[in-house]
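One-based numbering, in listed order, for ligands and for the atoms of each.
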Amino acid sequence: MDHDANDALHPDTLAVHAGRADLEELGVHALPIDLSTTNPLTDIDSGGESYERLAGGGSLAEGASPVYQRLWNPTTARYEEALATLEGADAAVAFSSGMAAITAVIMAAAQEGKRHVVALRPIYGGTDYILAKQLLGTTTTYVTSVDEISAAITDETGIVIAETPANPTLELTSLDELVAAAGSVPLAIDNTFATPVLQQPLSHGAAFSIHSATKYIGGHGDVLGGIVATDDAWATRIRGIRALTGALSHPLASYLSHRGLSTLPLRVRQQQANAQALADALVAMPGVEKRHVPRARRVRRQGSRGHTDVRTGLDDGHRRRLVRARGSRGPVDQALHPRGVARRRRQPGAAPGLAHPPPGRRRGQAERRRAAALDRARER
Ligand SMILES: *Cc1c(COP(=O)(O)O)cnc(C)c1O
């Protein structure tokens, strides 16, 4: 898609149309799901050429065979085009999970021969863990403030990794300050929480914007996925890693994620509104220790959702009626995130319970019901 022509379109419009440029020509309205693992080769020579190109991370040449699903899939390619459009990126590469996407980014950076990582904490537990385990042959210096980043960078540093808003505390760090601190070292932003609706890290100078599509992009709790938005040169390296390691997004997952993008702006806006209302209702309750709602002005610029630490005593029966304990977020109902799920306990900010607001259906009513249910639960 012509990204310059997209500049004139409202992001909500882009969310509905991006990655669908060929549907008219195909004569279909909904996104087609292509499940072929193998594709016909017109002849051995051109098939071999296409194989070489795709295995090296190149994109599909005009009229060439995709050869094999691990190398290229049209359903996934449409979704990648759509996410790249929303992120204002050259390209995007979709993976089977957020962790697979993060792994490929770290591998791509390390492949350049620089095996040191600087990571800003707090950071998603899985990311923290894979770095701390040195599973990818990297070593990591952890910092807790943007001011410590430049001092932590050495000649061996291949990547700086940060999250803003951070999981789970919603700590905000200025993208411009992160880019300045990383200097010439590529900066990877885990943009799962903000989504491209609220911030586009590449427009600030980050090299990568990474998502666990499992959360807000999928949005309904029924698809696992990850995706990286980046420039063409990095996309080629990262696709090459995906072609060899095989952690690509399944076409059904790509379809669900792409479909999720169409309602992403609506869901994110409603979730923001519910977050504020729920946090306001909860903060007055006994047992609520802390609210994590970034200040409104920064929220508009950088985006975030609200969370509330609830030191429970909530009656289990009541809690289960509306607010279920979950290990993840993004679905359309309320979640309570128990301590230690998907995050390392020794990381700062891990709390006994974090309430995450859903998008809700009817504005106001759903929040009031949830707040009332929590009130009833508290009274027990
Ligand atoms: C969930 C999550 C991940 C990991 O994604 P998976 O799809 O579970 O592999 C990475 N980063 C953040 C911020 C997350 O919330």
Problem set entry | Ala166 to ligand 1, any heavy atom closer than 4.0 Å |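 Contact absent.
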
Exercise. Would you call Thr127 a ligand 1 contact, heavy-atom distance under 4.0 Å?
Worked result: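 Under 4.0 Å: no for Thr127.
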
Side chains of [Y] and [X]: any donor to acceptor distance under 3.5 Å?
X: Ser254; Y: Ser249; answer: yes
X: Thr157; Y: His116; answer: yes
X: Ser36; Y: Asp34; answer: yes

Element-labelled atoms of ligand 1 that are located less than 4.0 Å from some non-hydrogen atom of [X]:
X: Ile102; result: 10 (C)
X: Gly98; result: 5 (O), 6 (P), 7 (O), 9 (O)
X: Gly225; result: 7 (O)

Problem set entry | N or O contact, Thr214 vs ligand 1, cut-off under 3.5 Å | yes

Exercise. With only distance considered, is Leu224 within less than 3.5 Å of ligand 1 through an N or O on each side?
Worked result: no

For this session: Could you list the residues that satisfy side chain to side chain contact (heavy atoms under 4.5 Å, CB included) with Ala151, not counting sequence neighbours?
Result: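 Once residues adjacent in sequence are excluded, Ala151 has no partner under the side chain to side chain contact (heavy atoms under 4.5 Å, CB included) criterion.
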
Exercise. Does Asp12 come within less than 4.0 Å of Arg269, counting only side-chain N to carboxylate O?
Worked result: yes

Exercise. What pairs meet the ring pair (Phe, Tyr, Trp, His ring centres under 6.0 Å) rule with one or both residues in residues 46-91, with sequence neighbours excluded?
Worked result: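 Counting only pairs at least two positions apart or across chains, no ring pair (Phe, Tyr, Trp, His ring centres under 6.0 Å) contact touches residues 46-91.
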
